[in-house]
Q: 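Structure incoming, see below.
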Amino acid sequence: FYDLVTLRSIKMANEAPSSSSSVPIAEVEEDLLLYGSESGWVEARTHCDHLDSLSSDLTHIPTPDTPCNRCHYPDENWLCLGCKDVLCSRFVNKHMLEHHLERNHCLALSYSDLSVWCFSCEAYLDAQVILPLRPVYETAYILKFGEAPPHRTVEYLHLGGNQAESSA
């Protein structure tokens, strides 16, 4: 297993006219692809069966600088999309995770990066594509950055074998 810098060096050496590297170029490219798959990129889901647990009013939410309701930690906090409690992440004191386990509220928005997580699906959700999540995403974005979020356009979205037309 090579690190990314080594792999790029080998690939550049293999592409040079007088290369004497003993590592085949196909192996380097395969390792680069495998290395890239470990980069932490996650594709958010475009469907979730737990949206019925959303609060009825997600346009009035606490500000992104709200500390954790339990330990008052100021960063890495999440907004429960069921009851609008603000609690810290699993990387701090795990209060949002505990909240999910105690109250079975499964949807939460990260104030750090405005991602939405479903604890029941164990997956990130695309808040710009899933219509019931769009208002809370837009409100949180405005509160965090002071302007409306840029919208991406989704012409055709492939969902479980069905074509669904949508625009953002």
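Residue numbers count from 1 along this sequence. Atoms considered below: every heavy atom in the structure, side chains included; atoms not considered: hydrogens, waters and symmetry mates.
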Q: Determine, using the 4.5 Å side-chain heavy-atom cutoff (strictly less than), whether V136 and F145 are members of one ILVMFWY cluster.
A: yes
Q: How many angstroms lie between atom SG of C106 and atom NE2 of H50, to the nearest 0.5 angstrom?
A: 5.0 Å
Q: Is it the case that atom NZ in K94 sees more than 12 heavy atoms from other parts of the structure closer than 6.0 Å?
A: no
Q: Give, for atom CG of L81 and atom CG of L54, the distance between the pair rounded to the nearest 0.5 Å.
A: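 CG of L54 is found 6.0 Å from CG of L81.
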Q: Which label fits H100 and F119: parallel for a plane angle under 30°, tilted from 30 to 60°, or perpendicular past 60°?
A: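 If you compare the ring of H100 with that of F119, the planes turn out parallel.
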Q: Taking only residues at least two apart or on different chains, which pairs with a member in residues 55-96 satisfy ring-ring contact (aromatic ring centres under 6.0 Å, His included)?
A: none
Q: Is a side-chain N or O of R45 found less than 3.5 angstrom from the main chain of Y124, in a donor-acceptor match?
A: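 Side chain of R45 to backbone of Y124, a donor-acceptor pair under 3.5 Å: no, none is there.
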Q: Consider only side-chain heavy atoms of I, L, V, M, F, W and Y, link residues closer than 4.5 Å, and tell whether L109 and I130 are in one cluster.
A: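 As far as the 4.5 Å side-chain criterion goes, I130 and L109 are connected within one cluster.
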Q: Can you tell me how far apart CG (L87) and CG (N93) are? Round to the nearest 0.5 Å.
A: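 Nearest 0.5 Å value for the CG-CG distance: 10.5 Å.
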Q: Can you tell me how far the OG1 atom of T66 sits from the CD1 atom of I61, to the nearest 0.5 Å?
A: 9.0 Å
Q: Could you walk me through whether C80 and H105 pass the side-chain contact (heavy atoms from CB on, under 4.5 Å) test, one step at a time?
A: CA-CA 7 Å; C80 175; H105 292 178; 3.3 Å; yes
Q: Evaluate the side-chain proximity of K84 to V86: yes if any heavy-atom separation is below 4.5 Å, no if none is.
A: no
Q: Mind jotting down which residue pairs meet the side chain to side chain donor-acceptor pair (under 3.5 Å) criterion with at least one end in residues 111-121? Sequence neighbours excluded, please.
A: S110-D113, D113-S115
Q: Stepwise, does the salt bridge (Lys or Arg N to Asp or Glu O under 4.0 Å) test hold for R70 with E102?
A: CA-CA 14 Å; R70 293 187 187 174; E102 293 164 358; 2.7 Å; yes
Q: Treat each ILVMFWY residue as a node, draw an edge where side-chain heavy atoms are under 4.5 Å apart, and state whether Y137 and V116 are in one component.
A: yes
Q: In terms of side-chain heavy atoms, does S55 have a donor or acceptor partner in D57 at a distance below 3.5 Å?
A: no
Q: Look up atom OG in S53 and atom CG in N104, then write down how far apart they are to the nearest 0.5 Å.
A: 8.0 Å
Q: Hydrophobic clusters here meaning ILVMFWY residues chained together by side-chain heavy-atom distances under 4.5 Å, can you tell me if L51 and L114 are in one?
A: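 Hydrophobic grouping puts L51 with L114.
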Q: What is the distance from atom CG of D75 to atom SG of C68, rounded to the nearest 0.5 Å?
A: 11.5 Å
Q: How far apart are the closest heavy atoms of C88 and N77, and which atoms are they?
A: CA-OD1, 3.1 Å
Q: Are D85 and R103 packed together at the side-chain level, in the sense that at least one heavy-atom pair is separated by less than 4.5 angstrom?
A: yes
Q: Taking all non-hydrogen atoms of both residues into account, name the closest pair between P135 and T59 and its distance.
A: CB-CG2, 4.0 Å
Q: side-chain hydrogen bond (donor to acceptor under 3.5 Å, both in side chains) with E122: which residues, sequence neighbours excluded?
A: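 By the side-chain hydrogen bond (donor to acceptor under 3.5 Å, both in side chains) rule, E122 matches no residue at all.
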Q: Is it the case that one hydrophobic cluster holds both L79 and Y141, taking links as side-chain heavy atoms less than 4.5 Å apart, direct or via other members?
A: yes
